[in-house]
Amino acid sequence: MKSQGHVSTRNTHDVIVIGGGSAGYAAARTARDAGADVAIVDHGPLGGLCILRGCMPSKAILRSAEVAALLRRAKEFGLSPVSTRADLPAIVDRKDRLVREFADYRIQQLRDPSFTLYQSQAVFRSPHEIVVGETILSSGSFILATGSRPDEVPIPGLAQAGYFTSDTILDLRTKPDSLIVLGGGSVALELGQFFARLGTRVTILQRGRTLLSEMDEDVGRALEAALIDEGIEVVTGVQLLRVTCNERKKTVWAMKDGRERSYAGEDILQALGRRPNIEGLHLDLAEVTVDSGRIVVDGAMRTSQPHIYAVGDVNDVTPIVHLAIQQGEIAAYNVTHPDRPAKELDHRLDAEVVFTDPQVAVVGLNDAACHAGKIPFLTASYPFADHGKALCLGASHGFVKLFCAPTTGELLGAQIIGPEAGELIHELIAVMYYHGTAADLLRMPHYHPTLAEIVTYPAESIVEQLDMR
Ligand SMILES: Cc1cc2nc3c(=O)[nH]c(=O)nc-3n(C[C@H](O)[C@H](O)[C@H](O)COP(=O)(O)OP(=O)(O)OC[C@H]3O[C@@H](n4cnc5c(N)ncnc54)[C@H](O)[C@@H]3O)c2cc1C
């Protein structure tokens, strides 16, 4: 065993949760509510990614860009043109104020006397013991929830040129004149559009054939069209080669359509993904299996060690907050109810929202998943460009697409790209939760004129397809 410095105290707890972010806090609260003596270990800063550097700060700043974009369209709505100049320090200050409030509340929850909070790095010294500072903690059950960090990607010259990640760009107080965004996932697109709307010239370089390459191609293409309309340069199907720089600009060299091309900008946002935070935990001493940097878990969130669970970004199953919370709750239930059948993660209602404008929101199966799983389906879509309320709002990009079972019409999945997609998807999640059908969507009353009533059009088309069979 490796030496871990001077250790003076020994404590035992029923359950030890390592990491007090969204997944860890959900696990700790669930285990505590089941009557367990719970310790939370977090080296800080306390608050977790969602609050400190993820969902909440990004959504706070995106709101400023949305307002700016709408103000710029004043003339279209019969208003005198308004001149907007983004004050990035003021936008960042507003974000910081909100984040502080959210973080204070989370810290208060973590410091609740019903938990024992250790503010220290956790390091395993055996499968049943960790070292936190000068204390050894032992337990019969551990829940790992240490989150993720921006991945370091081996592109020659990138580290030397310097780049932002989502962790660092959220605090930027001077807007770059131009920004090269590496990646075409949600973080890349949300932050890329934010800076474009502040007046930065933005180029997005995406390796996949379409943006949001894990979703169906028509979704990525519709979003690409909307971003291009706003003046963002979107380049898909690129292979990043190297980065060079001088005092004035950074240049990303890439292969595109068989030719080497260059894309220059003042700064680079590297948004090529995140990797689990497992360094320093000494998972080898806990005898937990790690595969390609990921902790292997089963549906019950259990690792290769039956008494050690891993939840949230650290297992890289679905790095999304509400699913991290669900995983934390499942793991804590399984830890505290060993004599009952284990609860398992159910992916049927997995959903994701991308907070670009237009927003993207998906739930359940899509075209690619149905084809890959040889799952028969009926599908129908309807464009926002033909929907009265969307036209009144001046938000006509995108569509709603439904996937239903061909015999019953049960809703299997849905994709929305368009205004308020992140809100609209919840009606479809609710219908899927209750195993509802396209006919149910048609029968349910929808107020007129609302964005929500758009779902009745593809539902009607699916009911017609069912009637014709
Ligand atoms: C820019 C951005 C925007 C995002 N927006 C959204 C969104 O809109 N919606 C959404 O659903 N998801 C979003 N996400 C993803 C979401 O933030 C994460 O999936 C989620 O926060 C992960 O929670 P977690 O509990 O797994 O990890 P974290 O919240 O990161 O918690 C991990 C905790 O572990 C602690 N820790 C780490 N290592 C150790 C150690 N060795 N010892 C002790 N403590 C340790 C850390 O201090 C931290 O508090 C976004 C992510 C980013 C980067």
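Order of appearance sets the numbers: ligands from 1, and atoms from 1 within every ligand.
- Residue Ser58 places a heavy atom less than 4.0 Å from ligand 1.
- Protein heavy atom in closest approach to atom 49 (O) of ligand 1: Asp42 OD2, 2.5 Å.
- The closest side-chain donor-acceptor pair between Thr200 and Glu266, if any, does not fall under 3.5 angstrom.
- Not close to ligand 1: Gly47, with no non-hydrogen atom less than 4.0 angstrom away.
- With Leu272 as reference, Leu240 is the one residue of Val181, Thr165, Leu205, Leu240 to meet the side-chain contact (heavy atoms from CB on, under 4.5 Å) rule.
- Residue contact check: Val41 has heavy atoms under 4.0 Å from atoms 43 (C), 44 (N) of ligand 1.
- Between Arg201 and Glu233 there is no salt bridge, since no side-chain nitrogen of the basic residue lies less than 4.0 Å from a carboxylate oxygen of the acidic one.
- Ranking the protein heavy atoms by distance from atom 34 (O) of ligand 1 puts Gly19 CA, 3.3 Å first.
- In the vicinity of Gly48, heavy-atom distances shorter than 4.0 Å reach the ligand 1 atoms 29 (O).
- Here CZ of Arg294 is found 11.0 Å from CZ of Arg275. Values are rounded to the nearest 0.5 Å.
- Classification of Arg173 and Asp93 as a salt-bridged pair holds, one side-chain N sitting under 4.0 Å from a carboxylate O.
- Of the N and O atoms on the side chains of Ser114 and Asp112, at least one donor lies less than 3.5 Å from an acceptor on the other residue.
- Between Asp171 and Arg53, at least one side-chain nitrogen of the basic residue sits less than 4.0 Å from a carboxylate oxygen of the acidic one, meeting the salt-bridge criterion.
- Of the protein's heavy atoms, Ala23 N, 2.9 Å lies nearest to atom 25 (O) of ligand 1.
- At the shortest separation from atom 8 (O) of ligand 1 among protein heavy atoms lies Lys59 NZ, 2.8 Å.
- One distance of note links CD1 of Ile136 with CG of Asn11; it measures 10.0 Å at 0.5 Å rounding.
- Within the structure, the closest approach of Glu190 to ligand 1 does not fall below 4.0 Å when heavy atoms are considered.
- Between Glu129 and Arg10, at least one side-chain N (NZ, or NE/NH1/NH2) sits under 4.0 Å from a carboxylate O, which counts as a salt bridge.
- Closest protein heavy atom to atom 10 (C) of ligand 1: Val321 N, 3.6 Å.
- Atoms of ligand 1 lying under 4.0 Å from at least one heavy atom of Ser166, given by number and element, are 1 (C), 53 (C).
- Ring geometry, His387 versus Tyr382: the interplanar angle exceeds 60°, so the pair is classed perpendicular (tilted spans 30 to 60°).
- Ligand 1 has no atom lying under 4.0 Å from any heavy atom of Glu352.
- Contacts between Phe355 and ligand 1, counted as non-hydrogen atom pairs separated by less than 4.0 Å, involve the side chain only.
- For atom 37 (C) of ligand 1, the nearest non-hydrogen atom of the protein is Thr146 O, 3.3 Å.
- Contact atoms of ligand 1 toward Gln121: 41 (N), 42 (N) (distance under 4.0 Å to a heavy atom of the residue).
- In terms of protein heavy atoms, atom 44 (N) of ligand 1 is closest to His43 N, 3.2 Å.
- Between atom 4 (C) of ligand 1 and the options Gly312, Cys55, Gly44, the minimum heavy-atom separation is to Cys55.
- Every atom of ligand 1 with a heavy atom of Leu281 under 4.0 Å away is listed here by number and element: 41 (N).
- In this structure, of Leu110, Val353, Leu49, the residue bringing a heavy atom nearest to atom 28 (P) of ligand 1 is Leu49.
- Taking all heavy atoms of Asp313, Leu144, Ile51, Leu191 into account, the minimum distance to atom 18 (C) of ligand 1 is reached by Asp313.
- The pair Arg274-Asp316 does not meet the salt-bridge criterion, since no charged nitrogen lies less than 4.0 angstrom from a carboxylate oxygen.
- We find the CD-OG distance between Gln270 and Ser166 to be 9.0 Å, quoted to the nearest 0.5 Å.
- Every atom of ligand 1 is numbered from 1 in the order shown, and the set under 4.0 Å from a heavy atom of Ser22 is 25 (O), 29 (O).
- At a 4.0 Å heavy-atom cut-off, ligand 1 touches Ser120 through the backbone alone.
- Taking all heavy atoms of Ala145, Gly54, Gly147 into account, the minimum distance to atom 52 (C) of ligand 1 is reached by Gly54.
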Original post:
Could you walk me through whether Gln415 and Asn366 pass the side-chain contact (heavy atoms from CB on, under 4.5 Å) check?
Top reply: CA-CA 8 Å; Gln415 303 172 344; Asn366 61 8; 3.0 Å; yes
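- Nearest non-hydrogen protein atom to atom 15 (C) of ligand 1 is Pro319 O, 3.7 Å.
- Ion pairing of Asp33 with Arg29 is absent here, as no side-chain N (NZ or NE/NH1/NH2) approaches a carboxylate O to less than 4.0 Å.
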